[in-house]
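Below is one structure, written out as structure tokens; comments come after it.
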Amino acid sequence: MTVESTAARQPRRSAGTKSTAGKRTTAKKPPSTEPELVQLLTPEGKRVKNAEYDKYVAGITPEELRGLYRDMVLTRRFDAEATSLQRQGELGLWASLLGQEAAQIGSGRATREDDYVFPTYREHGVAWCRGVDPTNLLGMFRGVNNGGWDPNGNNFHLYTIVIGSQALHATGYAMGITKDGADSAVIAYFGDGASSQGDVSEAFNFAAVYNAPVVFFCQNNQWAISESNEKQTRVPLYQRAQGFGFPGVRVDGNDVLASLAVTRWALERARRGEGPALIEAWTYRMGAHTTSDDPTRYRHDDERQAWEAKDPILRLRRFLEDSNHADEGFFAELETESEALGKRVREAVRAMQDPDRFAIFENVYADGHALVDEERAQFAAYQASFADAEGV
Amino acid sequence: MTVESTAARQPRRSAGTKSTAGKRTTAKKPPSTEPELVQLLTPEGKRVKNAEYDKYVAGITPEELRGLYRDMVLTRRFDAEATSLQRQGELGLWASLLGQEAAQIGSGRATREDDYVFPTYREHGVAWCRGVDPTNLLGMFRGVNNGGWDPNGNNFHLYTIVIGSQALHATGYAMGITKDGADSAVIAYFGDGASSQGDVSEAFNFAAVYNAPVVFFCQNNQWAISESNEKQTRVPLYQRAQGFGFPGVRVDGNDVLASLAVTRWALERARRGEGPALIEAWTYRMGAHTTSDDPTRYRHDDERQAWEAKDPILRLRRFLEDSNHADEGFFAELETESEALGKRVREAVRAMQDPDRFAIFENVYADGHALVDEERAQFAAYQASFADAEGV
Amino acid sequence: MAAEKMALAKAINESMRRALETDPKVVIMGEDVGKLGGVFRVTDGLQKDFGEDRVIDTPLAESGIVGTAIGLALRGYRPVVEIQFDGFVFPAYDQIVTQLAKMHARSLGKVKLPVVVRIPYGGGIGAVEHHSESPEALFAHVAGLKVVSPSNASDAYWMMQQAIQSDDPVIFFEPKRRYWDKAEVNTEAIPDPLHRARVVREGTDLTLAAYGPMVKLCQEAADAAAEEGKNLEVLDLRSVSPLDFDAVQASVEKTRRLVVVHEAPVFFGSGAEIAARITERCFYHLEAPVLRVGGYHAPYPPARLEEEYLPSLDRVLDAVDRALAY
Amino acid sequence: MAAEKMALAKAINESMRRALETDPKVVIMGEDVGKLGGVFRVTDGLQKDFGEDRVIDTPLAESGIVGTAIGLALRGYRPVVEIQFDGFVFPAYDQIVTQLAKMHARSLGKVKLPVVVRIPYGGGIGAVEHHSESPEALFAHVAGLKVVSPSNASDAYWMMQQAIQSDDPVIFFEPKRRYWDKAEVNTEAIPDPLHRARVVREGTDLTLAAYGPMVKLCQEAADAAAEEGKNLEVLDLRSVSPLDFDAVQASVEKTRRLVVVHEAPVFFGSGAEIAARITERCFYHLEAPVLRVGGYHAPYPPARLEEEYLPSLDRVLDAVDRALAY
Ligand SMILES: Cc1ncc(C[n+]2csc(CCOP(=O)(O)OP(=O)(O)O)c2C)c(N)n1
Ligand SMILES: Cc1ncc(C[n+]2csc(CCOP(=O)(O)OP(=O)(O)O)c2C)c(N)n1
Ligand SMILES: [Mg+2]
Ligand SMILES: [Mg+2]
């Protein structure tokens, strides 16, 4: 039987398919500009009911809500500090998560300690939730290492730069959980751009075939560097999952409560042995792709401004205030904590030593390698020759 | 919104996911053993109506029907000859299409001369429809070349052995058609196993994004060597398309009429600029994967026997006979033609010369390469040294 | 069965069986490795005896196979992955080069990836395209990988044991045309270290160095040369990365001449690295340049031409003559 | 604008612009090549002037990019594909090695694939992982590919013209740390053949051979050595496959000593092939073994260590001293 694409198509701003798009006759629904998504808090901070997902945040306490708020504020503060450290030359590069705090904190807080997380290079908020010291994230951006924490310390894998690779690692890890008979789950992060990589599709398929307990969490921040997401996909990304045989859902990624609820749903069903799920968190990269990028070359600022109205932190603050879940004192204290975090990060980065030059030869192999030993020795002799020359 | 997988799940014969499959609670429909598929001719040779696809074969003449029958018979005869030539040591290997004649002839006959075809290594029937001399297909299986025909001669690309690669070539070619403003289309063949390759998913996505006029024709012959297709996918393959934003349809691949109709539908919409489509032809690999394979190690013969009842040639013969579209004379003549084809192929293969040894160095580059020239000269000198030694 | 004569393929099978028996974390993955036992039957019977949870038929996707094997290794498993043929490893190349090879260093040693990637390789079996290639140089150039290739059943057995026990990723090239060659395998022996070369024939006039499928050819060449009164030493390198340059150097200091033989194209092949480094180490010992015998700079040819393309007895002897002529 | 001083990146841009103007079949493809003009601005302004049909922002999938470029080439187009950084070429490696490289031979010459794969490569820019690698050896070993790398703006301009005109696939390695180096580009000159090496400094005592980013370093080293009274010849190889061994041989027959410099790891790198072949060709001329200066057998290190990892003036001079000491 024919399965026509029933999805609402996204607006096609690019002219890439312009010439033929007009000839299509099969789209069943007219294009709509706003995708349907799971939302529990409106941009104005109003709680809206959702029959399917309310139950996943039903028992949430004011304290927990304040906790989410705190997580987002501190993450943003950390992120801003890192951006400014890059400008000061302390970091070589920074990939800001500005705007994506709710998606990351909501999903990150949904994970259990024994779950395992596979991030991209932008999941500073998730790292925060996992208890990774934020200063550890900065090593690779400063250029002192390529991954500065023990993945098994917090079940938070290293940042992965080759787009999409980690989706397969996550799936394999989840297959291992099944083999172990454990009831934990895995969550794999990736972006809208990454969805185009073959590895991500292969991961979807392996996960489905082995019914692996893995949640694919795609932060659709609308951009892959300069490419808007309609250059990556013809239909909403959450629908990709269906073709591989598992559910997909689009959540308001600027709504921390909805992100928490939907991720809990997905992780719980994974833990119950119901297999993978795909979550598309609809959000926005408020800043540049990285500090090397200049978004004014490819996008209008009014788009960014429109998203500013949907700010994830602001909306939770409105909700907290409207429902009297937080008072002035809380916000003031958080402000202080924020500044302290910024200071700590600043100082930690400035104190970061360059690695010893012999680190080049360390850890290339776990069991050693004759050539590495030989080259290390030659390198040492070469270095020593200068010491000799300098009469040291 | 959540999109639960609504597909009928296929029977899961393998124990690969056994441990967890029972825990699933979300499947909305119970597993069904027979997938729904587009069928115009029953195994018994009865014509059944189909509101959507009848129109694509509405005007078909008895002569054309006999033509399809002839194509299938001759293809099978050719295939059998090749298998036997392999047994005689004339070919190193053969990949038989036995059982897949209807899928290939139906789809192949749906192509227009200016369409372009990208086969796997098993599309002998499609090659036949494109007018490629069948003896040309045998060169690579004999080991005298790696591709023995001019792809542009019949718009039939070379056989591709690296599974799935050609799906991207097909998509790129189709993108070129769009650029040229032409109204032809491309058809890319691949197997159920190939659907797992990242390249195939990337091809789906590129095709969707660029709205390329390419038809993906997946012959699901139930097996990828020893792996039954539920080891490749959790849900029916034709559904894969939907997640990329184009239609998918499952057709009875043992029904030449349905294969013709569905492929015409897909090619016509591609030519009209309506973009890609996926056709899953539900069929069966009646023989071994190749002559090197021993299917008794991994599948029961009763499965094969069940499929014998759905034989593509038999059912068209029944229909032709029942509707008096063909008489004894036709079948007798075809028998003679078949034998002549077998003989011609046999003789042609036996007459095939080994390539000249210097062919190793030919065509490595179009514009030449100094090292190839140097090695060719060294090789010549080396060969000549024996001639000298032998006093020639 | 302490010592038994068995085919090389069977030796690998027995070695994996032993690993599956002794270490519950060992899993076998690949296309058709289950009921079929692999297209070369190297995994024959393993799924039957260890179940589908430990001997896993995967979807047809090499990147997926290696990528999920990495994930399994992160979870504490020791996957032994089969790539069906040499020419089909390339879809997995990204996972191998950017992830498998580098994750230990990236994590500053926190993460180990004990993954074995088995690749039946090389020609001489009359196969169609992509089924006869020798891509070892493409892995040896990549730091973080170890690359080995046994030449006989006994090494196949023991090197597989060692590869599985290694905490580093090992690309394990199996000489497919030698799969059916039998040799004595002593499963209670104390094996040589995995990356140590071995003199398989002592000689004085010239060293032939090879690994995998070409060792046997070199031995035959040495036999033939002996009839002409030339006394060749034959070195089975066994490991391509690391490469046992000390052993090659020791041999060359004795024989003063070296010919390297491999099936892979000569251009940028293993022979280049060996020639460069040995020339540096033995500059004053060498009486002739290191000569290389290998494939040409051309795609692996159709089967009817492979005998012309591959190193042969005569081509090896031709190089020997040329080296001795200096 | 017959002759103009421009940056290397701009020269490539101008060269692609000229190709887009003169041949309607030329198309540019890649991630972010459109409005952004690529992360290095090498395609700056091209989409604006030639439209989205000819300068195509692709989905983020390197295999897809190269695979569809092959399809476009089959349809008669001449795609110039950008891989964003060296370390991201590997997802496309399968398409490059098994399809792009081999289709001309597979088709017995019936099919030509004039595809240029542009890869900004090499280190020295303080980048994060995967953004500083030099994988040229992994392409040079593969028959069917041509591999080139310009060292200056003029060559960048002309070699890109020639690469686009070539009917063979060309892997075009762009020395990203030299993108901003300016040089005179004469757009009406008669360029050297694409695969011909060039003596960029004549000398008598030793030959320094390099390509891409290391040519400038070798020139600086030659300057420094000159101050010590050593007269070095510097050879810009320009092409890695084919490699102009005749030019290297001619130089070495004169200078009798050779040091090869590249950023890629030494082990199985270009230097190995050059050393092996030149030693064979110039066995009686060489007064010292061919020495190699390059990366270590380790993943490209974090930026703070790259100066230690990369060939430097001192490391080149150290090798020169060692070679001269023989
Ligand atoms: C395989 C690969 N190709 C290209 C790149 C260069 N690159 C880095 S980030 C990026 C865009 C990623 O977009 P997306 O997946 O949407 O994630 P986001 O950066 O928006 O979080 C690209 C192309 C890469 N890192 N890896
Ligand atoms: C990349 C790659 N991996 C593995 C193989 C080995 N191989 C050849 S055919 C085949 C199975 C293909 O199954 P399917 O796609 O269903 O096609 P069928 O043979 O059934 O027509 C495999 C694994 C290959 N040719 N290419
Ligand atoms: Mg994005
Ligand atoms: Mg199949």
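Chain letters run A, B, ... following the sequence lines, proteins first, then strands; residues in each count from 1.
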Chain C heavy atoms under 4.5 Å from [X]: which part of the residue, side chain, backbone, both or neither?
X	answer
Ala182(A)	side chain
Asn205(A)	side chain
Ile177(A)	both
Tyr116(A)	neither
Ser201(A)	neither
Ala203(A)	neither

Closest non-hydrogen atom pair, [X] against [Y]:
X	Y	value
Leu93(A)	Ser292(A)	CD1-OG, 3.1 Å
Pro242(C)	His195(C)	CD-ND1, 3.4 Å
Ala185(A)	Ala270(A)	CB-CB, 4.1 Å
Tyr365(A)	Val142(C)	OH-O, 4.2 Å
His124(A)	Tyr159(A)	ND1-OH, 2.7 Å
Leu235(C)	Val248(C)	CD2-CA, 3.7 Å

Residues [X] and [Y] bridged, charged N to O under 4.0 Å:
X	Y	answer
Arg112(A)	Asp183(A)	yes
Asp180(A)	Lys25(C)	yes
Arg277(C)	Glu374(A)	yes

What option among [options] has the most heavy-atom pairs under 4.5 Å with chain A?
options	value
Asp94(C), Leu108(C), Val66(C)	Leu108(C)
Leu243(C), Asp168(C), Leu72(C), Asp246(C)	Asp168(C)
Gly144(C), Ser239(C), Ser166(C), Gly109(C)	Gly144(C)
Arg54(C), Lys112(C), Lys146(C)	Lys146(C)

For [X], is it the side chain, the backbone, both or neither that has a heavy atom under 4.5 Å from a heavy atom of chain A?
X	value
Ile65(C)	both
Thr98(C)	side chain
Ala143(C)	both

| task | Could you tell me whether the side chain of Ile96(C) reaches within less than 4.5 Å of the side chain of Phe139(C), counting heavy atoms only? | result |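 In short, these two side chains touch, coming nearer than 4.5 Å.
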| With respect to Leu97(A), which candidate in Gln104(A), Glu123(A), Gln219(A) satisfies the side-chain contact (heavy atoms from CB on, under 4.5 Å) definition? |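 Passing option: Gln104(A).
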| Residues of residues 74-90 of chain C under 4.5 Å from chain A (heavy atom pairs)? |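 Contacts with chain A: Leu74(C), Arg75(C), Tyr77(C).
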| query | Considering residues, nucleotides and ligands other than Arg196(C), do more than 12 of their heavy atoms fall under 6.0 Å from its CZ? | reply |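 It does not: Arg196(C) CZ has 12 such atoms or fewer within range.
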| said: Check this for me: Lys35(C), atom NZ, are more than 12 non-hydrogen atoms of other residues, nucleotides or ligands nearer than 6.0 Å? | reply: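 Counting other residues, nucleotides and ligands, NZ of Lys35(C) stays at 12 neighbours or fewer.
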| said: Using only non-hydrogen atoms and a strict under-4.5 angstrom cutoff, which residues of residues 355-364 of chain A touch chain C? | reply: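 Residues in range: Asn363(A), Val364(A).
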| query | Hey, what's the ring geometry for Tyr189(A) with Phe217(A), parallel, tilted or perpendicular (30° and 60° as the breaks)? | reply |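 Tilted, since the angle between the ring planes falls between 30° and 60°.
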| Would Phe204(A) and Phe246(A) count as a close aromatic pair, with their ring centres under 6.0 Å? |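 Yes - the distance between ring centres of Phe204(A) and Phe246(A) falls below the 6.0 Å cut-off.
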| said: ring pair (Phe, Tyr, Trp, His ring centres under 6.0 Å), that's the test. Do Trp128(A) and Phe156(A) meet it? Break it down for me. | reply: CA-CA 10 Å; Trp128(A) 172 266; Phe156(A) 184 77; over 10 Å; no
| Partner chain C: residue of Ala370(A), Ala366(A), Ala167(A) with the largest heavy-atom pair count (under 4.5 Å) |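 With the most close heavy-atom pairs to chain C, the winner is Ala366(A).
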